[in-house]
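Beneath this line is the structure, given in structure tokens, with notes to follow.
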Amino acid sequence: MEKESFPISHFQFSIFNFQLTCMEISKNFDHRAAAAQWYEHWNRAGYFHSEPDERKPYTIVMPPPNVTGVLHMGHALNNTVQDVLIRRAKMSGYNTCWVPGTDHASIATEAKVVGMLRENGIDKNTLTRDEFLSHAWEWKEKYGGIILQQLRKLGCALDWQRTAFTMDKEYYAAVIRVFVDLYNKGLIYRGVKMINWDPKAKTALSDEEVVHKQTQSKLCYVRYRIEDEADEWITIATVRPETILGDTAVCVHPEDPRYAHLRGKHCFVPLINRRIPIIFDEYIDREFGTGALKVTPAHDINDYNLGLKHRLAVIDTLNEDGTLSEAAGMYVGEDRFAVRKQIVKDLETAGYLVKEEPYSNQVGFSERTDVVIEPRLSMQWWCKMEDLAQPALEAVMNDTIGFYPPKFKNLYRHWMANIKDWCVSRQLWWGQRIPAWYDDEGNVYVAETEEGAYQQYKEKNPGASGSLRQEEDVLDTWFSSWLWPMQVFGWNESPDNPDLNYYYPTQTLVTAPEIIFFWVARMVMAGYEFKGERPFDRVYFTGIVRDKQGRKMSKSLGNSPDLLQLIDDYGADAVRLSVLISSPAGNDVLFDEAALDQGRNFCNKIWNALKLVKGWETRISETEDVQTPFALEWMDETINAATLRLKDWEGEFKLSESLKLVYSLIWDDFCSWYLEWVKPTPDSAVPKHVYDQTVSFFERLLQLLHPYMPFITEEVYHLLRTRATPEADLMTSLIPEMDYRHDGGVAATEAAILSEGAFLQEVITAIRDARIKNQLKSKDEIFLRIDTSHQGFYENVGAILKRQVNAGEITFTGTAQPGQIALVVKTDKIYIEASGGGVVDTTAQRAELEKELKYLHGFLGSVEKKLGNERFVQNAKPEVVASERKKQADAQSRIQAIEESLRLL
RNA sequence: GGGUGCUUAGCUCAGUUGGUUCAGAGUACUACCUUGACAGGGUAGGGGUCACCGGUUCGAGCCCGGUAGCACCCACCA
């Protein structure tokens with residue numbers, strides 16, 4: 001099953017890796033090489049494959065794309081999300097299994113094959129069913145499933161050994177079995193109903209496969225002559241004048257005075273002069289058009305219902321390909337739209353056309369072939385849905401199956417509560433052929449095999465020796481995909497097999513809200529009906545990917561970028577970051593290629609951090625570090641806190657927030673702060689434990705990022721230090737469990753370190769800001785005098801602080817000299833003295849401090865007003881009041897400090 | 001026609017149980033930086049009456065009602 005998709009062997013890979021570690025790190029991250037090599041490495045190492053074991057499973061079945069499909073942005077988003085969940089679960093100790101596969105997509109594929117045959121000069125109608133199917137299979141083997149290959153480029157950790165297809169032998173059998181089972185339960189029946197007919201695919205469609213579009217039409221007013229009256233007419237309005245030929249009545253409202261005198265009368269259909277009755281029904285909207293409706297029971301669902309009620313004749317004037325039939329009497333064999341134009345002219349010539357006016361209405365189109373649907377009466381197979389829907393509705397409403405975001409529960413409930421029977425037959429060849437056989441009298445026998453059907457026939461007709469003929473129709477594609485979570489684990493082969501028992505119910509389904517009815521709802525129904533169990537615990541709905549202008553990305557608009565090209569240009573990691581980072585659950589994503597720069601730049605940043613750290617490797621000393629213990633503690637706690645938060649967020653599918661957090665953790669906390677704090681001067685060495693700690697921090701960060709950006713993280717992880725064994729890969733490493741909480745007061749010291757770090761950053765930023773505003777160049781050394789109540793803190797971080805702001809000396813005098821720059825950070829007063837002893841212009845300083853003072857007075861005012869409000873003190877929670885009192889105290893001392901500084905200027 | 005959701009910085013979007021130390025991110029913008037990881041970068045900065053109008057509350061971006069605009073889903077008005 002595995003195809004050799006990357007040319008580099010494992011042996012070559014090892015050499016490559018060896019060379020890299022010994023060489024200088026390349027200037028930039030080579031995403032092309034890294035992606036190819038690591039994907040192949042993971043695959044060969046067997047990381048993608050899962051077998052049941054003692055660990056807990058984390059299972060996702062991929063929504064199978066059409067076998068005809070190619071990768072587009074929607075897939076990229078959807079599959080990136082799944083890959084993040086899978087990789088994260090793997091690194092959390094779960095036995096992960098992500099099943100890939102494709103859907104046979106009966107209509108889409110058959111259309112594609114028919115088109116291919118036509119190009120080769122073959123007309124489908126000249127082929128037998130078997131001949132056609134062999135062409136279709138040939139096509140599928142050759143071109144089908146390209147999309148699965150493309151998913152490798154994205155980095156998806158799919159269990160390729162489990163790749164499934166909805167027309168696999170066992171899958172096919174499962175579908176047949178389910179059909180027979182439902183038939184025997186009385187839930188499948190055959191009947192003539194008004195269905196949606198696709199004249200291009202020449203098949204029935206379910207209601208869900210019809211898309212309504214606002215369309216500009218013409219509303220034609222046509223007059224019908226009343227019988228027995230010399231010159232009396234009744235005028236109707238229609239947007240489909242060609243259906244006039246199938247009219248079997250004209251209908252008006254019983255209380256419409258305009259037409260009251262016509263009771264019991266008849267009129268004549270124009271052009272063909274068919275005598276039809278004028279009927280009365282309250283269904284009519286008197287306000288619309290002329291208040292008179294032409295009734296064509298064969299070609300409109302409402303008319304059909306009226307026809308049933310008033311026992312009207314049904315005249316089917318259309319052939320299955322959308323041309324007019326013999327029954328039309330005119331224009332026979334001509335296309336419906338050509339006839340629509342022609343008949344208007346003919347009506348006009350003959351004096352029947354009263355007027356035409358432009359009219360905008362909703363018209364149904366085929367989702368697959370995009371042609372206008374014709375309502376048509378025909379014999380189809382149906383599945384009763386009410387009983388199936390009941391448990392499926394409950395499971396979602398009581399959160400046995402969780403929807404994320406939950407807003408889709410309402411949508412689901414509305415549809416399930418108003419569910420209609422499902423038209424499951426399709427007049428196609430590509431698909432599971434309905435297992436029903438007919439005898440010469442037209443009696444039907446449903447069985448899994450022809451032998452079974454024949455046995456039924458013999459039982460019913462003892463001694464008979466006729467032959468049976470199988471139903472020509474196949475089943476709706478969704479009638480097979482609803483079994484997906486069960487059948488990919490071999491439900492049909494054995495409903496009690498170890499795989500199915502272990503992996504089912506699956507943990508998470510990731511899909512688009514567009515197919516909530518097509519697929520999600522029906523999988524839930526099938527799960528309960530056939531397996532007696534939900535198919536998945538949770539459903540994560542991704543948004544719809546749109547272009548910059550907010551339009552849905554689609555092939556027909558041509559606004560979907562070439563994903564493989566993007567991956568090649570920017571790297572899969574960058575593509576993954578850019579689609580994820582702006583895509584919270586259930587919200588649409590406006591995709592802008594500019595967002596890819598952010599991902600690429602981030603890769604570059606990580607790469608450069610690697611280069612920096614690797615550069616220290618040759619400069620390690622055994623000396624004890626006295627400069628940076630605070631930096632080490634702070635980084636450790638910062639990563640701990642982020643790890644905890646990530647676990648929570650990722651569990652709630654807050655992937656975009658999580659990614660932002662890791663992004664900021666690496667770029668801001670690690671690169672901008674930590675590395676600068678511990679970075680040695682050009683001519684000094686790095687204490688060994690600082691180096692070791694730094695590498696270890698880096699590894700922890702790579703772990704947290706790995707689910708989102710697998711390639712660069714694995715690459716950097718291996719370049720960071722030589723791994724003892726080839727199996728020591730980042731992908732299979734476990735993210736350590738944090739066993740304490742930072743926000744619960746349990747870990748006060750940890751929390752203190754974090755807030756001290758934040759304060760230190762605030763001091764550094766304030767001093768740098770002051771330097772810039774006072775044109776003190778960064779290379780000019782300064783002296784700091786600090787007036788503070790916690791001198792110990794400054795002594796602890798003094799080395800870092802001096803380095804970060806290029807200060808030569810820090811003293812704690814408590815007083816200031818004229819010409820110094822005054823700063824107030826929280827309540828600490830910091831005075832900056834230029835090393836040259838030069839006097840700086842304090843005008844800007846003064847203005848700055850005064851602005852701050854003004855703000856603080858305002859702030860203090862609002863806090864004091866609040867505290868002065870008895871009702872606030874009484875009603876608010878004690879901790880809120882306490883926090884307000886602290887704000888008050890802080891503001892007061894800050895005001896005091898600023899005023900003091902101002903006096904000194 | 002029915003339903004759901006949205007409206008926060010120029011742009012694309014976060015904002016988790018209502019507390020003015022949360023109005024934030026990324027981009028874009030401004031100034032400075034040819035600093036030994038990184039110009040695909042660094043340091044710092046400006047920028048928003050949280051659509052509009054009321055209400056509940058000591059207190060509203062957050063809760064309730066209404067208005068306007070937008071998006072999507074459902075639907076058999078010719």
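Reminder, nothing fancy here: chain letters follow the sequence lines and each chain counts from 1. Heavy-atom basis, side chains included; hydrogens, waters and symmetry copies ignored.
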### Message
Against the six-membered ring of A:Phe365, is A:Lys213 placed for a cation-pi contact (under 6.0 Å from the centre, within 45° of the normal)?
### Response
yes

### Query
Roughly how many Å is it from NE2 in A:His299 to P in B:C76, rounded to a whole number?
19 Å

### Message
I'd like to check the side-chain hydrogen bond (donor to acceptor under 3.5 Å, both in side chains) partners of A:Glu374; sequence neighbours left out, ordered by chain and number.
### Response
A:Arg240, A:Arg336

### Message
Checking A:Arg32 now: which residues fulfil side-chain hydrogen bond (donor to acceptor under 3.5 Å, both in side chains) with it, not counting sequence neighbours?
### Response
A:Asp568

### Query
Rounding to a whole Å, what distance do you find between A:Asp207:CG and B:C73:P?
16 Å

### Task
Take the protein atom CZ of A:Arg340 and the nucleotide atom C1' of B:A78, then report the distance between them rounded to whole Å.
12 Å

### Summary
Taking pairs as Watson-Crick (N1-N3 plus N6-O4 or O6-N4) or G-U wobble (N1-O2 and O6-N3), each distance under 3.5 Å, the stems of three or more consecutive pairs with RNA chain B are B:1-7 with B:68-74, B:10-13 with B:24-27, B:29-33 with B:41-45, B:51-55 with B:63-67

### Summary
Picking from B:G40, B:A78, B:U43, the nucleotide nearest the side-chain atoms of A:Asn28 would be B:G40

### Task
Provide, to the nearest angstrom, the distance between the CD atom belonging to A:Glu617 and the P atom belonging to B:A37.
15 Å

### Task
Examine B:A37: is either OP1 or OP2 under 4.0 Å from a nitrogen or oxygen in the side chain of A:Lys27? Give yes or no.
no

### Message
Checking A:Glu762 against A:Thr765: is there a side-chain donor and acceptor pair closer than 3.5 Å?
### Response
no

### Message
Checking contacts here: which listed nucleotide (B:A75, B:A78, B:A37) is nearest the side-chain heavy atoms of A:Gln362?
### Response
B:A75

Check nucleotides 24-33 of chain B against the protein and report each pair of N or O atoms closer than 3.5 Å, with its distance, or say if there are none.
{"from": "B:G26", "atom 1": "O2'", "to": "A:Gln598", "atom 2": "OE1", "distance (Å)": "3.1"}

### Message
Can you tell me which nucleotide in B:A78, B:C73, B:C38 comes closest to the side chain of A:Leu411?
### Response
B:C73

### Task
Show the numbers, then the answer: is there a side-chain hydrogen bond (donor to acceptor under 3.5 Å, both in side chains) between A:Tyr404 and A:Glu652?
CA-CA 8 Å; A:Tyr404 294 79; A:Glu652 297 165 43; over 6 Å; no

## Note on the structure
So CH2 of A:Trp673 and CG of A:Asp668: to nearest 0.5 Å the spacing works out to 9.5 Å

#### Entry: OP1 or OP2 of B:G40 under 4.0 Å from side-chain N/O of A:Arg600
no

### Message
Do A:Thr694 and A:Tyr674 pair up side chain to side chain, a donor and an acceptor below 3.5 Å, judged on atom types alone?
### Response
yes

### Query
Distance check: side-chain N/O of A:Tyr359 vs OP1/OP2 of B:A78, anything under 4.0 Å?
yes

### Query
How long is the line joining CH2 of A:Trp616 and P of B:C38, in whole Å?
13 Å

### Task
Say whether A:Asp247 and A:Tyr224, considering side chains only, have a donor N or O and an acceptor N or O under 3.5 Å apart.
yes

### Message
Given B:A78, B:U43, B:A37, identify the nucleotide with an atom nearest to the side chain of A:Arg768.
### Response
B:U43

### Message
So, OP1 or OP2 of B:A37: does either fall under 4.0 Å of a side-chain N or O from A:Lys679?
### Response
yes

### Query
Which ones in residues 211-224 of chain A lie close to RNA chain B, meaning a heavy atom under 4.0 Å from one of its atoms?
none

### Distance-only polar pair, side chains of A:Asn608 and A:Lys611, donor-acceptor under 3.5 Å
yes

## Note on the structure
Of the listed B:A44, B:A37, B:A78, the closest approach to the A:Val239 side chain comes from B:A78

### Message
Would you measure the distance from the C1' atom in B:A9 across to the matching atom in B:G45 and give it in whole Å?
### Response
14 Å

### Chi angles and distances behind the salt bridge (Lys or Arg N to Asp or Glu O under 4.0 Å) call for A:Asp597, A:Arg600
CA-CA 5 Å; A:Asp597 288 333; A:Arg600 190 192 50 187; 3.3 Å; yes

### Query
Quick one: the side chain of A:Glu287 and the base of B:A78, do they pair up donor-acceptor inside 3.5 Å?
no

### Message
Within this structure, what is the CD1-NZ distance for the pair A:Ile782 and A:Lys777, rounded to the nearest 0.5 Å?
### Response
14.5 Å

### Summary
Between CG of A:Leu661 and C1' of B:G15 the distance, given in whole Å, is 15 Å

### A:Asn196 side chain to A:Ile373 backbone, donor-acceptor under 3.5 Å
no

### Task
Check the distance between B:C38's P and A:Glu676's CD and give it to me in whole angstrom.
11 Å

### Message
Using a 4.0 Å heavy-atom cut-off, does A:Asn604 contact any base of the nucleic acid, only the sugar-phosphate backbone, or nothing at all?
### Response
base

### Query
In whole Å, what is the span from the CD atom of A:Glu282 to the P atom of B:C76?
21 Å

### Closest listed nucleotide, where the reference is the side chain of A:Phe517 and the choices are B:C73, B:A14, B:G45
B:C73

### Message
Please determine whether any donor N or O and acceptor N or O are separated by less than 3.5 Å between the side chain of A:Lys654 and the base of B:U16.
### Response
yes

## Note on the structure
Applying side-chain hydrogen bond (donor to acceptor under 3.5 Å, both in side chains) to A:Asp421 and not counting sequence neighbours gives A:Tyr189

